[in-house]
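Only one structure is covered here, and it is reproduced in the block below.
Chain letters run A, B, ... following the sequence lines, proteins first and then strands; every chain starts at 1.
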Amino acid sequence: MGTRTSLDTQSALYAMRHSAAHVMAAAVCRLYGDVKLDIGPPTEAGFYYDFDLSDRLTPEDFARIEEEMAKIVEENAPFERIEITRAEATTMLEEMGQPYKVERLADIPEGETITLYRCGDFTDLCRGPHVESTGNVKSYKLLSVAGSYFRGRETNPMLQRIYGTACENDKQLRVQLKRMEEAKKRDHRRIGRDLDLFSIQDSVGGGLVHWHPRGGRIRALIEEYWKREHLANGYSLVYTPHVGQAQLWKTSGHLELYKEMMYAPMEFDDTEYFIKPMNCPFHIQIYKSHKRSYRELPIRYAELGAVYRYEKAGVLHGLFRVRGFTQDDAHIFCTPETVEDEIREVARFANRMWKAFGFEEITAYLATKPAKATGDDSLWTQATDSLEKALQAEGIAYEVDPGGGAFYGPKIDLKVRDCIGREWQMSTVQFDFNLPERFDLAYVGSDGETHRPYMVHRALLGSLERFFGVLIEHHAGAFPLWLAPEQVRVSPLTDDENTYAAEVAAQLEEDFRVTVDTRSERIGAKIRAAREMKVPYQLIVGPKEVEAGTVAVRGLHDGDLGTMTLADFASKLRDEMET
RNA sequence: GCCAGCUUAGCUCAGUUGGUCAGAGCAGGUGAUUUGUAAUCACCAGGUCGUCGGUUCGAAUCCGACAGCUGGCUCCA
């Protein structure tokens with residue numbers, strides 16, 4: 001999930017959360033000796049503060065820290081802004097025994113005003129702003145402790161981070177905590193188990209996903225849609241091997257730059273083979289399988305390619321971070337003349353695809369040339385311009401991330417917002433100036449000369465596994481009708497209606513995914529069961545429906561929809577599938 | 001990988017300070033019931049309490065190592 005904070009730095013909530021972080025830090029300083037402070041910013045959901053202290057913090061310590069915070073709030077000490085020179089600040093922080101702060105101070109650019117904030121006995125190097133006094137910090141709660149490397153680098157010391165949240169008032173705090181509860185209920189790992197969608201099993205290994213029949217059904221629907229759309233948009237579907245010789249990965253540069261992410265080689269016939277972490281070299285091999293003319297370009301190869309990457313055990317997380325996944329990968333080879341159109345088409349395609357899956361809000365990040373980069377400036381300029389123009393032409397809101405591109409080319413990352421407001425980085429469109437060189441890609445132009453094609457990597461859904469996880473959380477397991485693994489469940493009132501129920505199911509089966517619940521349970525229990533499995537429609541058939549040849553329809557979202565004929569019901573479903 | 005926490009039946013959890021503590025509900029199986037819009041009843045089966053060591057007369061309960069998971073850090077699809 002994106003951690004970029006969208007909280008306005010000038011907002012009152014920002015200042016309050018920031019102040020809450022200070023109050024917490026002050027409390028920790030009072031309760032523990034020898035506290036070395038790092039930083040404590042507000043976040044979208046609350047705030048945190050990083051400390052280095054000899055005591056090990058656990059959630060059991062929260063109560064006393066919160067108590068001490070309450071005292072500090074009670075004291076209502078004003079936040080005092082102090083401007084200070086760099087030299088004074090350095091001396092002071094050194095005297096205070098705050099090595100991390102000294103390092104942070106060094107980060108502040110020359111010429112910028114250096115400020116301290118003091119409240120009561122607690123002084124911190126800080127840009128502010130803060131609330132007037134500690135009494136303004138009202139409703140807060142400490143949430144979790146976590147380790148966190150200083151500056152996020154694992155060669156640095158591990159600090160202890162306390163996460164908390166703070167709101168304008170108790171009511172807001174309750175809303176905030178409720179929201180966190182809701183997010184927990186949507187957790188795809190829980191829903192995945194409850195709805196029998198997928199599993200990850202110790203006996204097989206971490207980060208290796210099993211798609212169960214219900215999840216598999218959804219995946220098949222996603223893939224069908226994906227393939228249909230790609231074929232309709234000028235892509236060719238290709239299929240490539242799961243392993244390739246070491247030489248291939250040497251040429252591609254992966255063994256040089258990406259080796260720690262690749263699984264150990266297997267050897268046969270005196271040759272090393274590696275499981276693929278990416279599909280690109282294979283697509284390139286297809287491109288290179290014969291001499292290309294400019295008349296063939298653009299060439300667009302798409303593949304749902306399974307790749308394997310070694311991820312550290314600690315980072316694995318449900319479907320979001322796995323070790324084996326299926327990229328919805330494509331590589332576009334084109335000439336400089338058409339590259340802009342190509343990018344535009346990709347942006348348009350991405351937009352359409354996200355809407356189809358129920359995601360409305362898309363934002364983009366345009367990452368430009370980093371300090372260390374391959375390829376001529378003119379290449380970078382044209383590529384970056386084409387990315388930017390595509391975003392503008394498609395009306396996609398974007399931010400520029402200067403220097404954020406890969407060394408081999410600029411890129412656009414698309415983030416989609418889910419229905420509880422979280423942003424997920426999903427699609428990526430990346431220029432690659434590196435691989436065409438390494439593999440010596442070429443085409444013959446209209447001038448009869450050999451030219452180097454542009455190469456663009458692009459994934460829309462990202463990976464099917466991760467996308468499925470986001471899809472589950474976005475819909476909280478209640479998938480739209482076209483994706484529901486079980487669309488209709490027929491529930492006979494008593495065993496006497498079983499035959500009629502089977503007939504109803506048989507008539508629907510041709511067009512829809514239908515089951516019949518013939519257990520001799522009460523109808524209330526059958527309704528509950530269908531709801532728990534998030535079945536979009538349930539047809540209740542009792543003597544009245546048998547008599548009239550109708551069905552009583554119950555919608556997952558709308559409840560009792562009354563009685564109708566099967567034909568009417570079927571057309572209702574078709575209408576819903578259209579939209 | 002690192003920091004912290006957690007790990008009792010498929011799931012959610014009880015198990016006071018180590019001494020009939022191996023339990024409950026749901027799910028599953030069997031039988032009864034034939035039910036009109038969010039859980040019918042009864043019975044049965046299920047765990048060497050994550051694994052391996054240790055302390056003890058005795059360990060789910062204490063200690064250690066390891067594994068897995070959770071929350072983070074880093075990275076990314």
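Within 4.0 Å (heavy atoms only), Met426(A) reaches sugar-phosphate atoms of the nucleic acid but no base atom. Using a 4.0 Å heavy-atom distance criterion, Val307(A) is classed as making no nucleic acid contact. Contact annotation for Gly147(A): base contact, defined as any heavy-atom pair under 4.0 Å involving a base atom. If you check every strand for non-hydrogen atoms under 4.0 Å, Glu154(A) touches a base. Residue contacts shown for Arg309(A) include a base, since a base heavy atom lies under 4.0 Å away.
Considering Glu303(A), Glu465(A), Glu223(A) as possible partners of Thr326(A), the one that fulfils the side chain to side chain donor-acceptor pair (under 3.5 Å) test is Glu465(A). For the ring pair (Phe, Tyr, Trp, His ring centres under 6.0 Å) test with Phe467(A), the passing option among Tyr225(A), Trp226(A), Trp354(A) is Trp354(A); the others fail.
Syn is the classification of G46(B), since its glycosidic angle stays within 90° of 0.
Taking atom P in both C3(B) and A77(B), the straight-line distance is 28 Å, to the nearest Å. Of the P atoms belonging to A45(B) and A4(B), the separation is 45 Å, rounded to the nearest Å. Look at the C1' atom in both G23(B) and G15(B): the space between them is 7 Å, to the nearest Å. Only the P atoms considered, G58(B) is 34 Å distant from C13(B), to the nearest whole Å. Comparing the P positions of U51(B) and A60(B) gives a spacing of 11 Å, expressed to the nearest Å. Nucleotides G47(B) and U34(B) are separated by 36 Å at their C1' atoms, to the nearest Å. Atom C1' of U12(B) sits at a distance of 14 Å from the matching atom of U7(B), rounded to the whole Å. Across G50(B) and A9(B), the matching C1' atoms stand 14 Å from one another, rounded to whole Å.
Mapping Lys312(A) and Gly205(A) onto RNA chain B by nearest heavy atom places Lys312(A) at the nucleotide closer to the 5' end. Toward the 5' end of RNA chain B, the nearer of the two residues Gly318(A) and Ala313(A), judged by each one's closest nucleotide, is Ala313(A).
Summarising the base pairing, G1(B) is matched to C73(B) through a Watson-Crick or G-U wobble pair whose two defining distances lie under 3.5 Å. Searching all strands for a Watson-Crick or G-U wobble partner of G46(B) with both distances below 3.5 Å returns nothing. Nucleotide C41(B) forms a Watson-Crick or G-U wobble pair with G31(B), both donor-acceptor distances falling under 3.5 Å.
For Ser148(A), the listed nucleotide lying nearest its side chain is C73(B); candidates were A4(B), C2(B), C73(B). Closest contact between the side chain of Val145(A) and the listed nucleotides A4(B), G68(B), A77(B) involves A4(B). Among the nucleotides A77(B), U12(B), C73(B), the one closest to any side-chain atom of Arg190(A) is U12(B). Listed candidates were U74(B), G71(B), C75(B). Nearest to the side chain of Val315(A) is U74(B).
Taking only side-chain nitrogens and oxygens, Tyr163(A) never comes nearer than 4.0 Å to OP1 or OP2 of A4(B). For His317(A), no side-chain nitrogen or oxygen approaches OP1 or OP2 of C76(B) to under 4.0 Å. For the OP1/OP2 pair of C69(B) and a distance below 4.0 Å, the side-chain nitrogens and oxygens of Arg193(A) include no atom meeting the criterion.
For the pair Asp187(A) CG and C69(B) P, the computed distance is 14 Å after rounding to whole Å. Remark: C1' of C3(B) and CZ of Arg56(A) are 8 Å apart, rounded to the nearest angstrom. Atoms CD1 (Ile162(A)) and C1' (C3(B)) sit 13 Å apart, rounded to a whole Å. Rounded to a whole Å, the CZ atom of Phe320(A) is 15 Å from the C1' atom of G71(B). Atom pair Phe150(A):CZ and C3(B):C1' shows a separation of 17 Å (rounding to whole Å applied). Distance OH (Tyr48(A)) to P (G71(B)): 18 Å, rounded to an integer number of Å. Residue Lys185(A) contributes atom NZ, which lies 17 Å from atom C1' of C11(B) at whole-angstrom precision. Summarising the geometry, the separation between OH on Tyr49(A) and C1' on C3(B) is reported as 19 Å, rounded to the nearest angstrom.
Atom-to-atom distance recorded for Ile412(A):CD1 and Gln430(A):CD is 10.5 Å, nearest 0.5 angstrom. Considering CG of Leu304(A) and CZ of Arg219(A), their distance stands at 7.0 Å, rounded to 0.5 Å. Rounded to the nearest 0.5 Å, atoms CZ (Arg190(A)) and CD1 (Ile472(A)) are 13.5 Å apart. Once rounded to the nearest 0.5 Å, the distance linking CZ of Arg466(A) with CD of Gln425(A) reads 6.5 Å.
In this model, no side-chain donor or acceptor of Tyr310(A) finds a partner on the base of G1(B) within 3.5 Å.
Between Phe468(A) and Trp211(A), the ring center distance clears the sub-6.0 Å criterion. In this structure, the ring of Phe51(A) has its center less than 6.0 angstrom from the ring center of Tyr49(A).
In this structure, Phe325(A) forms an aromatic stack with the base of A77(B), since both conditions hold: centre separation below 5.5 Å and plane angle below 30°.
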Q | Steps toward side-chain contact (heavy atoms from CB on, under 4.5 Å) verdict (Phe349(A), Arg458(A)) | A | CA-CA 11 Å; Phe349(A) 194 2; Arg458(A) 158 255 85 146; 4.0 Å; yes

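Using the six-membered ring where Trp is involved, Phe433(A) and Phe431(A) have ring planes that are tilted, between 30° and 60° apart.
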Q: Classify every nucleotide of nucleotides 29-41 of chain B by which part a protein heavy atom approaches to under 4.0 Å, writing B for the base, S for the sugar-phosphate alone and - for neither, in 5'-to-3' order.
A: ----BBBBBBBB-

